[in-house]
Amino acid sequence: MTNISFLPADILLPDGVDMEKWSVVACDQFSSEPIYWDRVEKMIGESPSTLKFIVPEARLEIIDPEQSAAAAGGEMEKYIKDGLFRTIEHAFIYVERTVSDGSVRRGLVGMIDLEAYDYMPGSRSVVRASEKTILSRLPARIEIRKRAPLEMPHIMALINDKERRVIETLAEETAELEPVYNFELMENGGRVKGWRVTGSVCAGVTDRLAALFEGCPVQIIIGDGNHSLAAAKDYWDKLKPSLGKQEQDGHPARYALVELGNVYDSAIVFEAIHRLVSGIDPAKLVNALASHLSGGAGYDYTLGWVSTGGTGRLTARAFSIGEMIDKLQTFLDAYVGKSGGIIDYIHGEQSLNELSKTEGHLGLLLPPMDKSDFFNTVIDSGVFPKKSFSIGSAQDKRYYLECRAIR
């Protein structure tokens with residue numbers, strides 16, 4: 001049987017708490033909206049909450065990472081001592097999340113073996129990052145993990161299951177599974193339901209994963225939460241030399257809790273992140289781009305452009321959409337570095353069009369990504385460049401909910 005990188009875990013869930021207050025969105029969301037996090041903090045008050053385990057990125061500039069890591073670890077220790085958690089042993093949790101457009105995204109909470117994962121570009125591991133890791137973003141996360149007795153996933157990992165055989169089949173078995181949570185998420189996050197997957201159903205999931213992974217160079221790609229998983233990997237790599245072989249094999253820090261989804265799930269939507277270049281002559285930049293992007297071999301990709309001077313299309317040639325975005329990004333970085341200007345990253349075509357109406361601004365509309373391009377890009381070309389895509393809107397990202405002991 002194929003060695004698989006995704007396994008059942010001993011999962012901790014809070015008992016007897018207000019689940020809406022317990023569960024908060026991933027720390028890297030609403031990073032430019034501190035008022036969002038102020039509102040959440042006020043709503044939670046003194047209630048038990050995962051907010052007390054994290055540092056929202058919106059607050060990274062105003063907090064001391066070491067002090068906040070110590071505070072988070074202290075809250076975890078207190079909750080453990082107070083008996084807040086119950087343990088779901090050696091299980092997956094099957095998750096159904098209703099997102100903002102009303103569709104249901106299906107997932108499976110379990111743990112990834114960090115020995116099977118490498119986030120570096122050019123990695124040949126069976127679990128890989130989807131985007132380039134910015135090393136400066138890791139220390140604060142590593143500091144928290146080093147001090148924390150628990151972890152919580154906001155990581156969304158993806159499998160390449162076009163036939164929808166692994167996760168989606170569980171939707172037909174929920175009547176036979178034990179419900180473990182069902183509640184509305186705060187701040188218009190939708191609804192989340194979870195069921196315990198153990199015994200023969202759990203074994204069936206593992207068998208289907210093994211069949212899916214047979215002969216695949218990549219089993220899993222991390223869609224969201226790349227930097228959190230990279231921090232877990234770095235922490236494990238630093239801890240490992242102090243352990244004997246037998247200790248390494250069973251140590252809880254060797255694993256990381258994630259939610260596994262299927263890239264072909266209809267509720268998983270890859271949204272392009274567009275480019276807005278300001279402080280430049282739009283016509284000159286369009287001409288320079290037209291010359292640069294059309295050269296070389298590969299397939300043709302179409303980019304739209306918009307400025308006060310009108311709209312148009314450019315053809316970019318590359319072997320994958322990730323390679324095309326890298327080609328575009330490399331050129332833009334060099335162009336503004338030499339000629340001046342600022343690059344912004346914009347979600348939504350309407351927002352880009354509005355912002356491009358200002359003199360000296362050029363909006364570049366990136367094409368949508370076919371789901372088959374996600375795995376193909378990582379396998380053939382390595383990681384995507386920064387700000388290539390977003391999986392859904394901010395409120396549809398994963399909320400912290402389940403925990404796992406890492407000591």
Side-chain angles (χ1 to χ4, degrees), residues 8-30 36-56 58-59 68-99 105 107-111 144-145 147-156 174 177-198 225 228 252 256-259 394-407:
D10 291 342
I11 300 171
L12 303 178
L13 288 174
D15 204 10
V17 306
D18 183 332
M19 292 299 288
E20 184 181 1
K21 292 182 179 180
W22 171 261
S23 191
V24 303
V25 78
C27 64
D28 55 352
Q29 299 306 304
F30 302 99
Y36 172 92
W37 293 101
D38 293 342
R39 189 168 64 244
V40 166
E41 186 172 41
K42 184 177 180 180
M43 187 268 276
I44 289 168
E46 297 301 314
S47 299
S49 177
T50 54
L51 178 64
K52 297 168 185 179
F53 297 171
I54 66 168
V55 180
R59 295 177 172 173
S68 62
E75 283 292 323
M76 292 179 187
E77 296 281 10
K78 179 180 181 296
Y79 287 176
I80 293 168
K81 184 179 179 181
D82 290 348
L84 188 76
F85 297 103
R86 63 188 177 103
T87 304
I88 299 177
E89 295 183 352
H90 192 73
F92 297 119
I93 293 180
Y94 168 63
V95 179
E96 291 186 354
R97 167 77 179 278
T98 304
V99 292
R105 186 176 70 216
L108 197 65
V109 176
M111 63 185 188
I144 288 177
R145 195 171 183 89
R147 294 171 177 265
L150 303 174
E151 66 169 358
M152 309 166 297
H154 81 262
I155 300 160
M156 292 194 64
T174 54
L177 302 176
E178 176 195 347
V180 291
Y181 51 71
N182 180 357
F183 63 97
E184 290 287 335
L185 293 160
M186 67 170 70
E187 293 287 329
N188 301 311
R191 191 167 194 89
V192 63
K193 302 178 183 179
W195 292 263
R196 179 179 185 171
V197 180
T198 57
S228 291
L257 206 61
V258 307
E259 181 179 335
Q395 67 265 35
D396 293 336
K397 301 295 185 180
R398 191 167 213 286
Y399 278 53
Y400 299 111
L401 205 173
E402 308 87 352
C403 298
R404 187 180 72 90
I406 55 174
R407 288 184 190 166

### Message
Is there a side-chain contact (heavy atoms from CB on, under 4.5 Å) between I54 and W37? Walk through the geometry before answering.
### Response
CA-CA 11 Å; I54 66 168; W37 293 101; 4.2 Å; yes
### Query
For L185 and R97, which heavy atoms make the closest approach, and how far apart are they?
CD1-NE, 3.3 Å
#### Entry: Considering all heavy atoms, the nearest L51-P56 contact
CD1-CG, 4.3 Å
Less than 3.5 Å apart, which donor and acceptor atoms pair up between the side chains of residues 399-407 and the rest of the protein, not counting sequence neighbours?
unit_1, atom_1, unit_2, atom_2, d
Y399, OH, M186, O, 2.8
Y400, OH, C27, N, 3.0
Y400, OH, H154, ND1, 3.1
E402, OE1, R398, NH1, 3.1
E402, OE1, R398, NH2, 3.1
E402, OE2, Y181, OH, 2.5
E402, OE2, R398, NH2, 3.2
R404, NE, E151, OE2, 2.8
R404, NH1, P252, O, 3.1
R404, NH2, E151, OE2, 3.1
R404, NH2, P252, O, 2.7
R404, NH2, Y255, O, 2.5
R407, NH1, E77, OE2, 2.9
R407, NH2, R147, O, 2.5

### Any donor-acceptor N/O pair, D18 side chain to E20 backbone, under 3.5 Å
yes
### Message
For a quick test of reading the model, state the closest non-hydrogen atom pair linking N182 to K193 and the distance between them.
### Response
OD1-CG, 3.5 Å
### Query
Which value, rounded to the nearest 0.5 Å, describes the distance between M76 atom CE and L12 atom CG?
11.0 Å
### Message
As a quick check of understanding, evaluate side-chain contact (heavy atoms from CB on, under 4.5 Å) for F85 and D15, giving each step before the final call.
### Response
CA-CA 6 Å; F85 297 103; D15 204 10; over 6 Å; no
### Message
On a heavy-atom basis, which atom in S49 and which in I44 lie closest, and how many Å separate them?
### Response
OG-CD1, 3.2 Å
### Task
Over all heavy atoms of both residues, which pair between P149 and G73 is shortest? Give the atoms and the distance, please.
CD-O, 4.0 Å
### Query
Do D38 and K42 sit within salt-bridge range, that is, some charged N less than 4.0 Å from a carboxylate O?
no
#### Entry: Reported OG1-to-CD distance for the pair T198 and E89, which is rounded to 0.5 angstrom
10.5 Å
### Message
Between V180 and I93, is there a side-chain heavy-atom distance shorter than 4.5 Å?
### Response
yes
### Query
What closest approach, in Å, do P8 and F92 show between heavy atoms, and which atom pair accounts for it?
N-CE2, 3.4 Å
#### Entry: CE-CG distance between M156 and D396, expressed to the nearest 0.5 angstrom
10.0 Å
### Task
Answer whether the closest heavy-atom distance between the side chains of W22 and L13 falls below 4.5 Å.
no
### Among R39, Q29, Q395, side chain to side chain donor-acceptor pair (under 3.5 Å) partner for E187
R39
### Query
So with a 6.0 Å cut-off around CG of N188, is the heavy-atom count from everything else above 12?
no
### Query
Going by the angle between their ring planes, with limits at 30° and 60°, are F53 and Y79 parallel, tilted or perpendicular?
tilted
### Query
What residues, two or more places apart in sequence or in another chain, satisfy ring pair (Phe, Tyr, Trp, His ring centres under 6.0 Å) together with Y36?
F30
### Pairing residues for Y94 by the ring pair (Phe, Tyr, Trp, His ring centres under 6.0 Å) criterion, not counting sequence neighbours
W195
### Message
For D10 and I88: C-alpha separation, side-chain torsions, deciding distance, then whether side-chain contact (heavy atoms from CB on, under 4.5 Å) applies.
### Response
CA-CA 6 Å; D10 291 342; I88 299 177; over 6 Å; no
### Query
Is K52 atom NZ crowded by more than 12 heavy atoms from other residues, nucleotides or ligands, each under 6.0 Å away?
yes
### Task
Using a strict cut-off of less than 4.0 Å between a Lys/Arg side-chain nitrogen and an Asp/Glu carboxylate oxygen, indicate whether R196 and E178 qualify as a salt bridge.
yes
